[in-house]
Amino acid sequence: MEYVSWSPLFSVKNPHIDQQHKKLFQIVNEFHRAYKAKENKDYIFSILNKLIQYTEEHFRDEERVLKASGCTEEFFNNHVKEHEKLIEEIFQLNMDLQAGEKKTLNELERFFDKWLINHVLEEDKRYLDFVK
Ligand SMILES: [Fe+2]
Ligand SMILES: [Fe+2]
């Protein structure tokens, strides 16, 4: 069983952004699978790095779409702040794991529940009204 599966529930009704979210889900699943299977460290960190890079790319893109959507400045600024927080959190996770901190699968799942799923469901879906 995959950790997260895409469902229409996650759609922000923008095919380009949905596609990117699907890819994020896919990389998180890949990371989860490798971590669970206790694959070799280099491999696990290469996936985590891929996730970080893709996340930065996605946030840049999403912010561009959001900016062009005519949303309020306050909404835009808050969303950008959220993204900055998420980037810090994933950097921190990377540092903790690199430093040899042990995280249970459960802890990782709770991290990504908040980091990925909540952000898409709670924050990204809020721009449904602006982005078409
Ligand atoms: Fe977002
Ligand atoms: Fe997003």
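No hydrogens, no waters, no symmetry mates; every other heavy atom, side chains included, goes into these values. What you are looking at is a predicted structure, and each value in this text was computed from that prediction instead of being measured. Counting starts at 1 for both ligands and their atoms, in listed order.
For Glu73, the side-chain contact (heavy atoms from CB on, under 4.5 Å) partners two or more places apart in sequence, or in a different chain, are Asn77.
Counting non-hydrogen atoms of other residues, nucleotides and ligands closer than 6.0 Å to NZ of Lys103 gives a total above 12.
Within His79, NE2 is the N, O or S atom that lies nearest to the Fe ion (ligand 1).
Around the Fe ion (ligand 2), protein N, O or S atoms at less than 2.8 Å number 4.
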Please output the side-chain donor-acceptor pairs of residues 88-98 that fall under 3.5 Å, not counting sequence neighbours, one pair per line with the distance.
from: Gln92; atom 1: NE2; to: Asp96; atom 2: OD1; distance (Å): 3.1

Please list, one pair per line, the donor and acceptor atoms closer than 3.5 Å that link side chains of residues 42-51 to other protein atoms, with sequence neighbours excluded.
from: Ser46; atom 1: OG; to: Tyr43; atom 2: O; distance (Å): 2.8
from: Asn49; atom 1: ND2; to: Phe45; atom 2: O; distance (Å): 3.3
from: Lys50; atom 1: NZ; to: Glu30; atom 2: OE1; distance (Å): 3.2
from: Lys50; atom 1: NZ; to: Glu30; atom 2: OE2; distance (Å): 2.9

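When each of His119, His58, Gln26 is tested with His21 by the rule side chain to side chain donor-acceptor pair (under 3.5 Å), just one qualifies, namely His58.
Residues Cys71 and Phe76 come closest through the heavy atom pair SG-CB, 3.9 Å.
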